[in-house]
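In what follows, a structure is listed as structure tokens, so that the remarks can point back to it.
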Amino acid sequence: MEIKYLKNLAKLYPTVASACTEIINLQSILNLPKGTEHFMTDIHGEYEQFFHVLKNGSGSVRKKIEEEFGNTLSSRDKKSLATLIYYPELKVDLVEKTEENIEDWYRITLHRLIQICKRVASKYTRSKVRKALPKDFAYVIEELITEKEELLDKEAYYNAIISTIIRIGSAREFIIAMSNLIQRLAVDHIHIVGDIFDRGPGPHIIMDKLMSYHSVDIQWGNHDVVWMGAAAGHKACIANVIRVAARYGNLDMLEEGYGINLIPLATFAMNTYGNDSCKCFKINYSTTADYNPKDLEWDCRMQKAIAVIMFKLEGQVIKRNPEFGMEDRLLLHKMDLENGTITIDGKTYPLEDTNFPTINPEDPYALSPEEEVVMDRLQSAFEKCEKLQKHVRFLFSNGSLYKVFNSNLLYHGCVPLNEDGSFRKVKIFGQEYSGKALYDILEVYARKGYYSLDKEEKMKGMDILWYIWINGNSPVFGKDKMTTFERYLIADKSTHKEVKNPYYTYMEQEETVNQILEEFGLDKETSHIINGHIPVQLSKGETPVKCNGKLLIIDGGFSKAYQKVTGIAGYTLVYNSYGLLLVAHEPFVSVEEAVVKETDIHSVNMVVERTTKRLRVADTDAGKEIQESIFELEKLVAAYRAGTIREKI
């Protein structure tokens with residue numbers, strides 16, 4: 001088998017010289033500084049803030065400017081240069097309208113960008129930088145960032161390139177290309193630790209950006225998984241997606257962003273609830289800046305219509321999966337519409353709304369014929385939406401429920417625990433799983449729910465996608481129940497309570513964090529857990545750093561819906577060759593504010609861990625793979641020299 005493998009390797013490296021050259025190349029890569037990783041989570045459709053944080057690398061670009069220019073540039077010039085790198089097209093347009101001597105500005109700016117570009121490119125091989133270069137200016141940029149202008153015989157050559165760029169009218173395009181390249185090289189890889197979708201207006205815009213990004217992985221959040229289920233055609237997931245979009249005033253995102261036809265739902269809602277104020281189904285339009293309050297009545301009716309459908313469809317899923325243990329969420333048959341009450345756990349509560357003409361008391365979880373038609377058409381729209389399907393396939397191919405990367409364990413929610421802190425055993429289709437095994441089996445069925453050709457297995461998988469979204473034993477949900485019904489229809493807030501999994505208490509204890517790290521095969525002394533999903537209420541004195549830095553929570557509230565609670569607008573994490581840096585952001589105002597007034601998001605940096613020596617590629621997972629490749633190539637060279645395999649010259 002080894003000889004067979006080496007013969008296949010010999011097809012790539014047919015001579016001793018070619019194999020040795022690759023060994024030398026790989027060995028040198030191992031000694032380069034570790035690339036910068038950028039962690040973000042709980043973006044929730046807030047695309048403008050996401051784009052800004054992505055562009056500035058949570059301060060990585062500003063740090064490079066500071067390192068390069070120090071005290072040789074004023075704070076104002078550094079700010080202006082940073083803004084240019086973040087938004088080159090808009091900034092150049094603005095400068096061209098106001099700058100009196102534009103050629104001088106071009107010249108100075110090009111020199112500064114070249115210096116920054118050299119600095120961010122210094123930790124990569126020339127080959128990797130070459131692959132990142134924009135096609136139109138690849139040769140020229142490579143010349144400028146690899147040549148040393150201080151050498152006398154190159155100075156004239158170097159300056160001539162810049163002068164020619166300006167003379168032929170290419171300065172604007174060149175500045176834009178250089179700025180984008182700096183953004184590209186400042187961060188080597190991004191991790192999205194869940195919840196791209198829901199609440200905010202632009203998850204589709206975020207997904208388009210992620211699909212074009214050079215290196216990314218995604219740990220699915222509960223809000224991502226329900227969209228994945230909707231794309232697979234699961235009706236309960238589809239109803240949830242539409243209801244949340246209606247609740248946050250984002251139906252335009254479905255119609256215009258994804259081209260989902262909501263007219264059948266709107267028509268049904270108007271016919272069924274046209275005389276209903278739907279006061280219990282208000283729109284949270286305060287979180288959506290461009291929401292038109294004139295649409296209020298219309299959207300409230302649509303929200304009520306899809307919510308009732310959702311309660312019915314979820315009841316059907318619960319009934320066909322008694323193993324899910326969610327009988328307590330079957331609430332429609334507990335309503336007494338004549339008396340306007342509902343009895344839950346032996347206690348009777350008044351209902352805030354009793355107008356439910358489509359609920360059949362004899363079979364409350366059955367859709368009416370009209371609701372069936374609406375859901376069939378919506379199911380077809382979701383399944384045939386090309387853009388949504390591309391986005392969801394990307395989530396499946398580049399994502400997972402958890403990831404182990406460079407001694408960090410990344411997941412969105414929690415590892416379900418019992419009250420005593422032990423791993424909770426959860427039954428999935430007849431077998432019990434806990435800890436890592438629970439994550440693994442849920443992911444297997446999630447993929448079946450989208451890809452399987454077997455109808456029975458696909459249905460199981462789709463039901464598991466819904467389960468991951470809402471079940472008390474789901475790692476990415478992490479509460480005993482989702483009280484959507486109660487929040488809509490019962491005023492007594494004691495019924496709204498959602499009890500968190502014991503994980504959220506035990507995560508303050510280092511023993512539990514160590515137990516989780518070991519469960520996922522990590523060294524408890526050198527590893528970390530990067531956790532999303534839990535809004536850190538900084539305003540109440542909560543901290544995102546737990547257990548002496550072993551567990552880091554980086555959901556601080558990108559979503560505007562959370563910012564009043566959290567007091568900030570999100571945490572992000574940067575892991576570079578010097579260590580871990582946690583960054584807290586204040587709310588992003590607008591792109592216009594950032595460009596015209598050169599206001600960056602005000603961020604506070606907290607050093608979580610600083611390395612005693614600078615980390616190299618050899619210290620990473622990629623480095624381990626490179627070392628394995630070197631080992632195999634050395635075997636190939638030995639086989640050539642021993643005559644076991646012949647060179648092909």
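This structure is a prediction, so every number in the text was calculated from the model and none was measured.
Pairs engaging residues 165-179 under the side-chain hydrogen bond (donor to acceptor under 3.5 Å, both in side chains) rule: D93-R172 [sequence neighbours left out]. Evaluation of the ring pair (Phe, Tyr, Trp, His ring centres under 6.0 Å) test over residues 164-183, restricted to residues two or more places apart or in two chains, returns F137-F174. Sorted by first then second residue, the salt bridge (charged side-chain N to carboxylate O under 4.0 Å, His left out) pairs that include residues 392-409, not counting sequence neighbours, number zero.
With sequence neighbours excluded, no residue forms a salt bridge (charged side-chain N to carboxylate O under 4.0 Å, His left out) with E525. D77 meets the salt bridge (charged side-chain N to carboxylate O under 4.0 Å, His left out) test with R112; sequence neighbours excluded. Residues forming a side-chain contact (heavy atoms from CB on, under 4.5 Å) with A231 (at least two apart in sequence, or on another chain): L388, Q389, V392, Y450. Legend: residues meeting side-chain contact (heavy atoms from CB on, under 4.5 Å) with A618, ordered by chain and number and at least two apart, are L30, R616, Q627. Residues forming a side-chain contact (heavy atoms from CB on, under 4.5 Å) with S127 (at least two apart in sequence, or on another chain): T125, K131. For Y640, there are no ring-ring contact (aromatic ring centres under 6.0 Å, His included) partners at least two apart in sequence or on another chain. With sequence neighbours excluded, the residues that form a side-chain contact (heavy atoms from CB on, under 4.5 Å) with E519 are F423, K436. Taking K34 as the reference, E37 meet the salt bridge (charged side-chain N to carboxylate O under 4.0 Å, His left out) condition, with sequence neighbours excluded. For K128, the salt bridge (charged side-chain N to carboxylate O under 4.0 Å, His left out) partners two or more places apart in sequence, or in a different chain, are D188.
Between the side chain of K550 and the main chain of K524, a donor-acceptor pair closer than 3.5 Å is present.
In this structure, the ring of Y86 has its center no less than 6.0 angstrom from the ring center of F51.
Between G57 and V574, the shortest heavy-atom contact is O-CG2, 3.8 Å.
Under 4.0 Å is where a charged nitrogen must lie from a carboxylate oxygen, and between K635 and E2 at least one such pair does.
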